[in-house]
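Quick one: the structure is below, questions incoming.
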Amino acid sequence: MKYPFKEIESKWLKYWEDNQVFKTDFSNIDKKLYVLVMFLYPSGAKLHIGHWYNYGPTDSWARFKKLQGYNVFEPMGYDAFGLPAENYAIKTGIHPYDSTMKNIQDIRVQLKKMGCMYDWNTELMTCVPEYYKWNQWIFLQMYKKGLAYRKFAPVNWCPDCQTVLANEQVIDGECERCGTQVIQKNLYQWFFKITDYAEELLQGLEKINWPEKTKVMQRNWIGKSEGAEVVFKVENSDEIIKVFTTRPDTLFGVTYVVLAPEHPLVDKITKNEYKKAVDDYRDSIKTLTEIERTSTVKEKTGVFTGAFAINPVNNEKVPVWIADYVLITYGTGCVMAVPAHDERDFEFAKKFNLPIKKVILKDGTNEDDELNSAFTEIGTMINSGIFNGLRSDVGIQKVIDYLEENGIGSRKINYRLRDWLISRQRYWGTPIPIIHCPHCGEVPVDEKDLPVELPYDVDFKPGGESPLARNEKFINVKCPKCGDDAKRDPDTMDTFVDSSWYYLRYLNPKFSDGPFDVELANKWTPVDMYVGGAEHATMHLLYARFFHKFLRDIGLVNSDEPFQTLVHQGTITNQGAKMSKSKGNVVNPDDFIDKYGTDVFRMYLMFMGPYDQGGDWSDKGISGVDRFVNRTYDLFKHYEGKLKNVKAIDKYDLNLLNEDEKRVYRKVNQTLKKFNEEIENFRFNTAVASLMELLNELRVFENCNDEIKSYVLTRFAFMLASVAPHLGEECWQLLGNDKSIYLETPKFIIDEKALIEENVNIAVQVNGKLRATISVPIDSEQDFVKSIIEKDEKVMKFVYDKIIVKEIFVKNKIYNIVVK
RNA sequence: GCGAGAAUGGCGGAAUUGGUAGACGCGCUAGACUUAGGAUCUAGUACCGAAAGGUGUCGGGGUUCGAGUCCCCGUUCUCGCACCA
């Protein structure tokens, strides 16, 4: 009989819902386990294969844990603010709120069909005042501590999305979302001072169980580098140039100094006769795009300013240049150039005929040898006054000490990490709770006046300024301080603010005395298992860590990190490309659900290959999983009601079983062990394969007594319940159980004795080549094995006329005869 | 350019500390049952060969009794970073 998945799936969905099977008991924290998948953006495209691939297997892991006795909390919600809804509104006129709510309704239906054990009582969405009010509250807490601030700064502007972007959202100079060339604009923008946490964000990586790749990406993104800041005086001027260097040991080799073209000092120090050239150069830079400007393949350009700087360690006079390879945004925006020992400086010096002065001697070379490229490794210091003869790695510290003693520089640590730009000139987001008063300046909205509600009635068409600025009712307000006319801040927050703390809100999304229930948060966070895409490595996953640390510092959470263990699912592509509407290669999961049912689809996704690798989509193999499910159902259906009164015991004496009973008894115990290990480590493909092997082994089932049948089938159903939850429940019921396996969870102990086989196959090799495999009792000794081999024609014919040099015997594995 | 990872049958992929390469599944071949088969069941299936046997884990070297696994060189692909001083 064909497995009637439609009836059975809806039957169990209803059962789970009616009986609140997956409602979490938050009071019991003995074996608490917070399993979280990244919440989803409710777009009109609904759920695609990628969502299923993320949620299905993760849910199976959660169910597996639940069946092991853990008190599992697995929530689901919606990351509901954001640009796509607004862009959709601009195109169609449908209000973002309306389309988002509609999408959530549709998606919720799809999600429920997946049959995940989500606790629907804790479902949340970020676009409602009950949620975003607390974004504003957290913003104000940061503001109080000086961690939220506004400044005029060059920012990334996407002309198409009409908004600024964080550095992380600019990929190869293009907008992450729409691919438009990003331009630089100077604007007043709000920032979160994530840089205050740079060191802790770096250190914290040591304590969390994350993929090494992701940690490396965060480390690089934070980009810590240690060195010194050195002060150069400008000749005939009161101005000074501060440079940051990681190589103070090369300080004596400075032959010129370079400022970023945008550096404010440039105007002050440029000599009159060079003004025109400098201005022309700066203009030429402006027309370059960000990609062209930062491309490493592009030849470096620059001009001389006419000014000279004085090297503080040897009083040498060196020219001051400006060049596009120096970035205003990093360090001090000025560098000391040591062409002999820095590749970029070398290239620049060669091009403009600037002097190259060797101060680190490569071992085994002479001072007078010509340099063909910069020598950047460790060597012996030369031409460096009192430091001559020192190894350069030691010299770094000595030079810094010298700089500090003489007041011309100091030890300094720089980070590449920039503050997080959070304001967006868009409508569909959290309003920033600040009022701008002509008299009082920036005035934070009083906490009791939160939320600053996002008005529904807004002309959200883009126009270079925030849509909220055009809403008179919203924007005009009295200053809370002086009562005079003032204006609200017209910007909204980056949606990464929403996702930086949602895992805390899930514990009780209706909580109204604060952003989240602190008592619950202290008991239930950090999240034990977090699963989501690797594309969030330097954005969401860094921001959330920053938020968590801040919330800890204001006493709201008691842990240092939000996500203890992190797993990335791989990406499912189609014909080698990422699925997307525009490419027209999106595979609709619903077609498969209709044809095979949700369990088969889920199990197929798990069976396809290693979870962290993803892969190219193909439905070729789904029939294999479908067959497995049908055969399994047939088997259980065959025994419906027949084993109800059979009580199997926990362990059987192998000696009392017939050969077939032994076989299935062993196999089910081996499978239980294998299955546990594989699921535990997110190796779903091999876990499913082990169940298939088990089913194949049950061909001899008819020759087994009822107790063994019951013993095997209860365990089989138990394993099925993780990977094919509806089928598992049904099979469990067919065995005569009245209640859900999740309500009355059995405990199965693996019989270690059954894991061991009576006989093992030994590979017999001659000179490493396989000549036979023989079956011997387990743990047979060499002499015994040898006596069998000696009678084996197939082996001996390779041995007779030769001299045996050596015999290697590995118990239960191989017997290798080496002959000459 | 730098860094990390990967490469196994026709296909997706298995393989413990170096110890029988190809588990499991798809596909394919043959057979059974059928009015029928894109259902189901049974058997087979790395390659060459009639067999004996030989050859096989991207290519080339090496270590070892024994290498998919360890070491060196190279190719291709994927991902990340890309003037960060």
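Predicted model only: the values in this text are computed from it and were never measured. Below, chains carry the letters A, B, ... as their sequence lines are ordered, and counting in each starts from 1.
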N or O in side chain of Tyr330(A) less than 4.0 angstrom from rA85(B) OP1/OP2: yes

For rC24(B), the Watson-Crick or wobble counterpart (both distances under 3.5 Å):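 Across all strands, the one nucleotide that pairs with rC24(B) is rG12(B).
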
OP1 or OP2 of rG27(B) under 4.0 Å from side-chain N/O of Arg627(A):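 Looking at the OP1 and OP2 atoms of rG27(B), one of them is under 4.0 Å from a side-chain N or O of Arg627(A).
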
Under-4.0 Å side-chain N/O to phosphate OP1/OP2 contact, Lys2(A) with rU40(B): no

Selection from rA85(B), rA23(B), rG25(B) that lies nearest to any side-chain heavy atom of Leu327(A):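 Output: rA85(B).
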
Inter-nucleotide C1' distance (rU64(B), rG31(B)), Å rounded: 47 Å

Sugar-phosphate only, base, or nothing, as touched by Ser618(A) at under 4.0 Å among non-hydrogen atoms: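 Answer is nothing: Ser618(A) stays at 4.0 Å or more from every strand.
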
OP1 or OP2 of rC24(B) under 4.0 Å from side-chain N/O of Arg683(A): no

N or O in side chain of Arg699(A) less than 4.0 angstrom from rU42(B) OP1/OP2: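 True: Arg699(A) side-chain N/O within range (under 4.0 Å) of rU42(B) OP1/OP2.
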
Nearest-angstrom distance from the residue atom OH of Tyr604(A) to P of rG25(B): 14 Å

Residue Glu790(A) excluded, over 12 heavy atoms near CD under 6.0 Å: yes

Validation row, ring centre Trp617(A) to ring centre Phe592(A) under 6.0 Å: yes

Residue matched to rA46(B) through Watson-Crick or wobble contacts both under 3.5 angstrom: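 Per the H-bond distance test, rU55(B).
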
Base paired to rG19(B) (Watson-Crick or G-U; both N/O distances under 3.5 angstrom): rC65(B)

d(CG, Leu698(A); P, rC24(B)) in whole Å: 14 Å

Atom-to-atom span, CG of Asn414(A) to C1' of rA85(B) - whole angstrom: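 After rounding, the gap between these two atoms is 9 Å.
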
Assigned partner base of rA7(B), Watson-Crick or wobble definition, under 3.5 Å: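 Partner of rA7(B): rU75(B).
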
Paired nucleotide for rC83(B) [Watson-Crick or G-U wobble; both distances under 3.5 Å]: none

Interatomic distance, Leu770(A) CG vs rG18(B) P [rounded to whole Å]: 21 Å

Under 4.0 Å protein heavy-atom contacts per nucleotide of nucleotides 65-70 of chain B, with B for base, S for backbone only and - for none: B-----

Whole-angstrom distance between rC83(B) and rU17(B), as gauged at atom P: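 Looking at atom P only, rC83(B) and rU17(B) are 41 Å apart.
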
Atom-pair distance (CG on Leu605(A); P on rC26(B)), nearest Å: 17 Å

Atom pair distance, as rounded to whole Å: NZ in Lys620(A) and P in rG25(B): 18 Å

Side-chain N or O of Ser225(A) closer than 4.0 Å to phosphate OP1/OP2 of rA85(B): yes

Separation of atom CZ in Phe684(A) from atom P in rG13(B), rounded to whole Å: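 In whole Å, rG13(B) P and Phe684(A) CZ are 17 Å from each other.
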
Distance, C1' atom - from rC81(B) to rC11(B), rounded to whole angstrom: 34 Å

side-chain N/O Asn696(A) vs rG25(B) OP1/OP2, d < 4.0 Å: yes

Pair assignment for rG37(B), Watson-Crick or G-U wobble, requiring both distances under 3.5 Å: none

With Asp626(A), the salt bridge (Lys or Arg N to Asp or Glu O under 4.0 Å) member among Arg631(A), Lys2(A), Lys595(A): Lys2(A)

rG80(B) phosphate, OP1 or OP2, under 4.0 Å from Arg219(A) side-chain N/O: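 For Arg219(A), the contact criterion (side-chain N or O under 4.0 Å from OP1 or OP2 of rG80(B)) is not met.
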
Syn or anti conformation of rG9(B), syn meaning chi within 90° of 0: syn

Touch class at under 4.0 angstrom, heavy-atom based, for Thr245(A) against every strand present: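 Here Thr245(A) touches the backbone only, sparing every base.
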
Under 3.5 Å donor-acceptor pair, Lys213(A) side-chain atoms to rC79(B) base atoms: no

Residues Glu807(A) and Lys786(A) bridged, charged N to O under 4.0 Å: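 Yes, charged N to carboxylate O under 4.0 Å.
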
Residue-phosphate contact under 4.0 Å: Arg631(A) side-chain N/O, rC41(B) OP1/OP2: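 Checking Arg631(A) against rC41(B): at least one side-chain N or O falls below 4.0 Å of OP1 or OP2.
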
Touch class at under 4.0 angstrom, heavy-atom based, for Lys412(A) against every strand present: nothing

Phe601(A) CZ - rG25(B) C1' separation (whole Å): 17 Å

